[in-house]
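Below, chains carry the letters A, B, ... as their sequence lines are ordered, and counting in each starts from 1.
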Protein chains: 2
Amino acid sequence: MEKYKNIGLKLTPQRLAILDFLEGNTSHPSAEEIFTAVSGRFPTMSFATVYNTLETLKGKGAVVELTGDPQKKRFDPNTAPHHHLICTRCRRIADVQVDYKIDLPRSSRMGFEITGNHIEFFGVCPACRKGGPEKTGSGAQTPGEENHED
Amino acid sequence: MEKYKNIGLKLTPQRLAILDFLEGNTSHPSAEEIFTAVSGRFPTMSFATVYNTLETLKGKGAVVELTGDPQKKRFDPNTAPHHHLICTRCRRIADVQVDYKIDLPRSSRMGFEITGNHIEFFGVCPACRKGGPEKTGSGAQTPGEENHED
DNA sequence: CAATTAGATTAGAATAATTATTAAGAGGTA
DNA sequence: TACCTCTTAATAATTATTCTAATCTAATTG
């Protein structure tokens, strides 16, 4: 827990609780999940605090916000460059630690200054493959992904 | 416009208007933008129809839903596999037609059945580079992307 | 210790985005 | 025409997120 001392912000109990919950968490939780988990210990915790804290931590580079789940923002305490594997049925997100070198040829940059990249792999997780979980039916569809929903 | 005949659904005026607006559109519009554009010709058009239609078209594989913009869903009529270049300041999304071969080693698949992938390149577009547009300040932060906001 | 101050927290309201419900309309078909 | 199915439209309902304003806390100063 000492590792947080140097991120340059006031470490209040609420923030520590959130950081503690995120610490080593690879489930890519949503604000709601964080709220639910932390409000156990802090019954007065509000969504505002969760969102405020996440926003602050994001600003400090202590967490990253993920898109990929079209329903809600998800957060990742792992700020090291890595990619994700997304279940299009239950929206589970797994980490991909494989290192890829993908550079965008200057001719395809449209004048953008490139700052990074991120690969989303789509698929169906083991649980969903065996007719499992399937929280919802409308995962993100992106180019390159087969549509398995109809 | 004849090309739509074989997507297997009733081509109502509203749907044609939406398809027509999307046809060749590379701006990756949101539901709201589509609504605004189309409601000019169809003053009675409602958001529900836009969402319903997009959902239907998505099911038929005629459009794909993009994540990448943390604020709202965006839609792409280009269903051919391609990647995207996202401006982290104004959220403009440009197409990347470069073809990459990225396969996920079996050992990293976590038991998922992989169905596709999608690369998000992050960057700052020409307009924003020269202190331009900058609709908003909080683009998605994902691993590998530098944080330019603080 | 009392007062000050900056920042953090809270509860709830407000907004935005999306989805669901339902009734009415349009077109086809027996 | 009566019946059926699909689509639309208006509205309501949900869900996710952000905002507001009052309150609190911790650190600092007098």
Side-chain angles (χ1 to χ4, degrees), chain A residues 4-5 7-19 21 28-36 38-60 62-63 65-75 91 135-141 149-150, chain B residues 4-5 7-19 28-36 38-60 62-63 65-75 91 135-141 150:
Chain A
Y4 300 131
K5 282 186 186 155
I7 62 178
L9 49 80
K10 205 179 276 186
L11 287 181
T12 66
Q14 291 85 347
R15 286 179 176 177
L16 282 172
I18 291 174
L19 283 165
F21 173 70
H28 311 89
S30 64
E32 187 201 9
E33 287 162 340
I34 295 168
F35 170 79
T36 301
V38 178
S39 62
R41 260 180 295 168
F42 289 85
T44 68
M45 172 77 58
S46 83
F47 266 104
T49 298
V50 172
Y51 279 109
N52 286 343
T53 301
L54 287 169
E55 188 62 28
T56 303
L57 293 176
K58 205 172 73 178
K60 293 293 178 186
V63 302
E65 175 186 326
L66 306 185
T67 62
D69 183 339
Q71 307 279 279
K72 51 185 69 165
K73 294 179 178 175
R74 311 259 302 246
F75 298 87
R91 302 206 171 97
K135 260 185 222 167
T136 167
S138 149
Q141 302 294 327
E149 323 289 313
D150 55 317
Chain B
Y4 300 130
K5 281 184 186 158
I7 62 177
L9 47 82
K10 205 175 277 186
L11 288 181
T12 65
Q14 290 84 351
R15 286 178 179 178
L16 281 172
I18 291 174
L19 283 165
H28 311 89
S30 65
E32 187 199 9
E33 286 161 340
I34 295 169
F35 169 78
T36 301
V38 177
S39 61
R41 260 179 296 168
F42 289 86
T44 66
M45 174 76 60
S46 79
F47 265 108
T49 297
V50 173
Y51 279 110
N52 286 342
T53 301
L54 288 169
E55 187 62 27
T56 303
L57 294 176
K58 204 173 74 178
K60 293 294 177 185
V63 301
E65 174 186 328
L66 307 185
T67 61
D69 183 338
Q71 307 280 279
K72 52 184 68 167
K73 294 179 177 177
R74 312 254 306 242
F75 297 87
R91 301 207 173 98
K135 260 185 220 164
T136 167
S138 149
Q141 302 293 329
D150 55 318

Query raised in the report: Pick the nucleotide of DNA chain C nearest each of A:Thr12 and B:Phe47; which residue has the one closer to the 5' end?
Result: A:Thr12

Query - Shortest non-hydrogen separation from B:Thr49 to B:Ile18 and the atoms involved - result: O-CD1, 4.5 Å

Report task. Provide the closest heavy-atom pair for A:Pro43 versus A:Arg41 in the form atom of the first, atom of the second, distance. Result -> CD-O, 3.4 Å

Considering only side-chain heavy atoms of [X], which listed nucleotide, [options], is closest?
X       : options                : answer
A:Thr53 : C:dG7, C:dT10, C:dT9   : C:dT9
B:Lys72 : D:dA10, C:dT10, C:dA17 : C:dA17
B:Lys10 : D:dC6, D:dT11, C:dA11  : D:dC6
B:Gln71 : C:dT18, D:dT18, D:dA10 : D:dT18

May I have the distance from [X] (atom [atom1]) to [N] (atom [atom2]), rounded to whole angstrom?
X       : N      : atom1 : atom2 : answer
B:Phe35 : D:dA9  : CZ    : P     : 10 Å
B:Tyr51 : D:dA13 : OH    : P     : 19 Å
A:Glu55 : C:dG7  : CD    : P     : 17 Å
A:Leu9  : D:dA26 : CG    : C1'   : 15 Å
A:Asp69 : C:dA17 : CG    : C1'   : 14 Å
A:Arg15 : C:dT10 : CZ    : C1'   : 14 Å
A:Asn52 : D:dA21 : CG    : C1'   : 13 Å
A:Phe42 : D:dT25 : CZ    : P     : 12 Å

Query raised in the report: Distance check: side-chain N/O of B:Lys73 vs OP1/OP2 of D:dA16, anything under 4.0 Å?
Result: no

**Report entry** Under 4.0 angstrom between B:Gln14 side-chain N/O and D:dA9 OP1 or OP2
**Finding:** yes

Requested in this report: For the pair B:Arg74 (side chain) and B:His28 (backbone), establish whether a donor and an acceptor sit closer than 3.5 Å, ignoring hydrogens and angles.
Outcome: yes

Query raised in the report: Checking A:Thr53 side chain against A:Val50 main chain: does a donor-acceptor pair fall under 3.5 Å?
Result: no

Query raised in the report: Reckon A:Ser46 touches a base, only the sugar-phosphate, or nothing at all at heavy-atom distances under 4.0 Å?
Result: base

Query raised in the report: When all nucleic acid strands are considered with a 4.0 Å heavy-atom cut-off, which category describes A:Thr49: base, sugar-phosphate, or nothing?
Result: base

Query - Result of checking A:Tyr51, A:Phe75, A:Phe47, A:Phe42 against A:Phe35 for ring-ring contact (aromatic ring centres under 6.0 Å, His included) - result: A:Phe47

**Report entry** First of B:Thr56 and A:Arg74 reached from the 5' end of DNA chain D, by closest nucleotide
**Finding:** B:Thr56

